[in-house]
Amino acid sequence: MTATTPTTALSYKPEDWQQGYRSQPNEYDYWIDDIEGVIPPELTGTLFRNGPGLLEIHGQPLHHPFDGDGMVCAIAFRNGRAHFRNRFVRTEEYLAEQKAGKMLYRGVFGTQKPGGWLANIFDIHLKNVANTQVIYWGGKLLALWEGAKPYRLNPHTLETIGIDTLDGILQSGTPLAAHPWIDPACVVDNGAPCLVNFSVEQGLSSKITIYELNPQGTVLRQKSHNVPGFCFLHDCAITPNYIIFFQNPVTYNPLPFVFGLKAAGQCMQTRLDQPTKVIVIPRHRSAPMLTLDAPSGFIFHHVNAFEQDGQIRVDSIRYDQLLTAVEQDHFLQTDFDQVPPGRLTRFSLDLAQQQVEQTLLDCRPCEFPTVHPNYVGRPHRYVYVATTHHPTDNAPLQAIAKVDMEDLTGQSLIQQIWSAAPRGFVGEPVFVPHPHGQKEDEGWVLTLVFNAARGHSELIILDAQNLNHGPVAVLRLKHHIPYGLHGTFTEVDFGPTDG
């Protein structure tokens, strides 16, 4: 795969894209020896990545990949070498279905047990798929899914240890979100980093609980807020002084779910006539929560947030409405021309005037944004996103782009791009700083790519300062990994001790 110039022609074949959604039931453990280029010797640590590993349960296909059992991959780097390992998160539900040899649980995003509504009526137990994110913090490796508690894994072997309650903090029925942020220098902890995450408990009003953990994994601060209405919160944004949520204008009618007619996720509906509610909560002061109105839209992921000129700026990937994939007959039949694209958007929050200004920054469809970890909650210049090969048409993600936020007056902020088209499909980019870097973009961008020409996946290492030069190294795996969701990098090398 080489860097290419986008054209107006279709950049992919649907059958190539569909290949990447095959189940991977096998677990591997090996040193990667098929490498093009050179792994930077300064790149030391472990890339953890999570996503659905099974797209069917004993022959019964899932309606949507988000319902798939979580499979964590670890790629450890040491002295210019790389080691691969993957294992399924052995949740209680995963083990039960493996033992039974059939599907036992409903999924959030459309998967129903065989047998129609009679087989699903009044069964409101949702399977903990533990498939969204994985992070190493406080000596624990946690697989996260926002609908339930996290599962703790052994970072050396990826073996499942069991459900983790944050030392008893998470009570029965309390989930933990799958989008933690790390504040690189917490203002109330003498500049030490802290991890910020949240949980949402639904009812007639939604209860949002915020947790802040020190580097040892201890919950230092915990506070809850009640928010009117249903809250579908997949992500948040943080600054040194605030945590910000975007309450998407979504209604939820649970009756079709309770009576077995629909999955829970199919009971949500976007209300385009309602504003998006921006919830601003002070992290360290006892000041009240503020709720501001923004134009109607839908947000899965935030890029970053920061305080500047008396305002809070929040950069996000905004959609005109809720993605409609859960309403398709089957996710493999997704018509990208009918799916609203996500686009990079800036929100300027004026807390004094309680107003929100929304600015579209770039028209190119994109997702999975990342910034240098030291700039989380601070003004940033560079953003890395997964994007489409064509600059305007919605399609599967096939390229990695570098966005320069310094000049917001041009037609496009994307000045550098590497594309895997026509037969490659990219995952989330993860920015890894150079250990001796002085500039914001000194480091590497790592992304797992499905190469349909080989039928296998590849880890691509890009020079974050110049994506146009193409990969620094291509690490070819011996198999494919289904398209995933999120991942994180730790400087700790969890590769084999005998290698």
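Just so you know, these numbers come straight off a predicted model, no measurement behind them.
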(message) Please check this pair: side chain of Arg90 against backbone of Leu95, looking for a donor-acceptor N/O pair closer than 3.5 Å.
(response) no
(request) May I ask you to test the Thr132-His234 pair for a side-chain heavy-atom distance under 4.5 Å? (result) yes
(request) Check whether the ring centres of His179 and His486 lie less than 6.0 Å apart, and answer yes or no. (result) yes
(request) Starting from the C-alpha separation in whole Å, work towards a yes-or-no answer on side-chain contact (heavy atoms from CB on, under 4.5 Å) for Thr490 and Thr488. (result) CA-CA 7 Å; Thr490 174; Thr488 55; over 6 Å; no
(message) As an exercise, state the distance from NE2 of His225 to CE of Met289, rounded to the nearest 0.5 Å.
(response) 7.0 Å
Output side-chain donor-acceptor pairs under 3.5 Å for residues 217-224, partner residues at least two apart or in another chain, one line each.
{"from": "Arg221", "atom 1": "NE", "to": "Glu212", "atom 2": "OE1", "distance (Å)": "3.1"}
{"from": "Arg221", "atom 1": "NH1", "to": "Asp189", "atom 2": "OD1", "distance (Å)": "3.1"}
{"from": "Arg221", "atom 1": "NH2", "to": "Asp189", "atom 2": "OD2", "distance (Å)": "2.8"}
{"from": "Arg221", "atom 1": "NH2", "to": "Glu212", "atom 2": "OE1", "distance (Å)": "2.9"}
{"from": "Lys223", "atom 1": "NZ", "to": "Pro282", "atom 2": "O", "distance (Å)": "2.5"}
{"from": "Lys223", "atom 1": "NZ", "to": "Arg283", "atom 2": "O", "distance (Å)": "3.3"}
{"from": "Ser224", "atom 1": "OG", "to": "Thr209", "atom 2": "OG1", "distance (Å)": "2.7"}

(request) Heavy atoms only: give me the nearest Phe425-Ala452 pair and the separation to one decimal. (result) CE1-CB, 4.5 Å
(message) Tell me if the aromatic rings of Tyr382 and Tyr384 count as close, with their centers under 6.0 Å from one another.
(response) no
(request) Ignoring hydrogens and angles, tell me if any N or O in the side chain of Asn128 forms a donor-acceptor pair with the backbone of Lys149 under 3.5 Å. (result) yes
(request) Decide if the gap between the ring center of Phe347 and the ring center of Phe246 is smaller than 6.0 angstrom. (result) yes
(message) Between Phe368 and His301, is the ring centroid distance below 6.0 Å?
(response) yes
(message) Between Trp145 and Ala177 (side chain of the first, backbone of the second, donor and acceptor by atom type, cut-off under 3.5 Å), is there such a pair?
(response) no
(message) For a 4.5 angstrom cut-off between non-hydrogen side-chain atoms, does Val376 reach Ile182?
(response) no
(message) I want to check something: taking the side chain as every heavy atom from C-beta on, are Cys267 and Pro254 in contact at a cut-off of under 4.5 Å?
(response) no
(message) If we ignore hydrogens and angles and just use 3.5 Å, is the side chain of Arg49 paired with the main-chain N or O of Glu428 as donor and acceptor?
(response) no
(request) Rounded to the nearest 0.5 Å, what's the gap from NE2 on His64 to CG on Leu332? Could you check? (result) 10.0 Å
(request) Check whether any side-chain heavy atom of Phe257 lies under 4.5 Å from a side-chain heavy atom of Ile124, and answer yes or no. (result) yes
(message) Using 0.5 Å steps for rounding, measure from the CG atom of Asp393 to the CG atom of Leu10.
(response) 8.5 Å
(message) As an exercise, state the distance from CD1 of Ile208 to CD1 of Ile281, rounded to the nearest 0.5 Å.
(response) 5.5 Å
(message) If you compare all heavy atoms of Pro249 against all heavy atoms of Pro275, which two are closest, and at what distance to 0.1 Å?
(response) CB-O, 3.6 Å
(message) Does any part of the side chain of Val385, heavy atoms only, come nearer than 4.5 Å to the side chain of Leu344, both counted from C-beta?
(response) no
(request) Determine yes or no for a side-chain-to-main-chain donor-acceptor pair under 3.5 angstrom, with Asp67 supplying the side chain and Arg106 the backbone. (result) no
(request) Quick one: pull up CG in Asn50 and CZ in Phe48 and give me the separation to the nearest 0.5 Å. (result) 11.0 Å
(request) Kindly compute the distance separating CG (Asp235) from CD1 (Ile244), expressed to the nearest 0.5 Å. (result) 11.0 Å
(message) Taking His480's backbone N and O only, do any of them form a donor-acceptor pair with Gln24's side chain (distance below 3.5 Å, no angle check)?
(response) yes
(request) Spell out, as yes or no, whether a donor-acceptor pair under 3.5 Å connects the side chain of Trp181 to the backbone of Cys236. (result) yes
(request) Would you please indicate if the ring centroids of Phe306 and Tyr375 are separated by under 6.0 Å? (result) no
(message) Is it true that Arg313 and Gln311 share a donor-acceptor pair across their side chains at a distance under 3.5 Å?
(response) yes
(message) In this structure, is the centre-to-centre distance between the rings of Phe259 and Phe122 below 6.0 Å?
(response) yes
(message) Please check: side-chain N/O of Gln202 versus main-chain N/O of Phe230, any donor-acceptor pairing under 3.5 Å?
(response) no
(request) Say whether, by atom type as modelled, one donor and one acceptor occur between the side chain of Ser316 and the main chain of Arg318 under 3.5 angstrom. (result) no
(request) Return the minimal non-hydrogen interatomic distance between Val339 and Asn394, and the atom names on each side. (result) O-ND2, 2.8 Å
(message) Do Trp418 and Val445 make a side-chain contact, defined as non-hydrogen atoms from C-beta onward lying under 4.5 Å apart?
(response) no
(request) Would you kindly say whether Ser11 and His390 are connected by a side-chain donor-acceptor distance under 3.5 Å? (result) no
(request) Might you point out which heavy atoms bring Ala96 and Tyr105 nearest each other, and give the distance in Å? (result) CB-OH, 3.5 Å
(message) Let's go through Phe232 and Tyr252 carefully: what are the C-alpha distance in whole Å and the side-chain angles of both, what is the deciding distance for ring-ring contact (aromatic ring centres under 6.0 Å, His included) to 0.1 Å, and is it a yes or a no?
(response) CA-CA 9 Å; Phe232 181 14; Tyr252 178 69; 9.7 Å; no
(request) Give the minimum heavy-atom separation between Pro180 and Gln133, together with the two atoms involved. (result) CD-CG, 4.4 Å
(message) The test is side-chain contact (heavy atoms from CB on, under 4.5 Å); show your working for Ile299 and Asn248 and say whether it passes.
(response) CA-CA 7 Å; Ile299 292 171; Asn248 297 300; 4.1 Å; yes
(request) Using the side chain to side chain donor-acceptor pair (under 3.5 Å) rule, pick out the option among Thr91, Thr111, Asp69 that qualifies with Lys127. (result) Asp69
(message) For the residue pair His63 / Gln112, report whether a side-chain donor-acceptor contact shorter than 3.5 Å exists.
(response) no
(request) List the steps, then state whether side-chain contact (heavy atoms from CB on, under 4.5 Å) holds for Met405 with His380. (result) CA-CA 7 Å; Met405 307 288 285; His380 59 278; 4.0 Å; yes
(message) If you compare all heavy atoms of Pro175 against all heavy atoms of Gly147, which two are closest, and at what distance to 0.1 Å?
(response) CB-C, 3.6 Å
(message) Looking at Ser206 and Gly229, would you say the former's side chain and the latter's main chain have a donor-acceptor pair under 3.5 Å?
(response) yes
(request) Compare all side-chain heavy atoms of Thr359 with those of Leu361 and state whether any distance is below 4.5 angstrom. (result) yes
(request) Please say which of Arg346, Arg343, Arg381 ends up in a salt bridge (Lys or Arg N to Asp or Glu O under 4.0 Å) with Asp315. (result) Arg346
(request) Apply side-chain contact (heavy atoms from CB on, under 4.5 Å) to Ile417 and His389, showing your working. (result) CA-CA 9 Å; Ile417 190 167; His389 179 78; over 6 Å; no
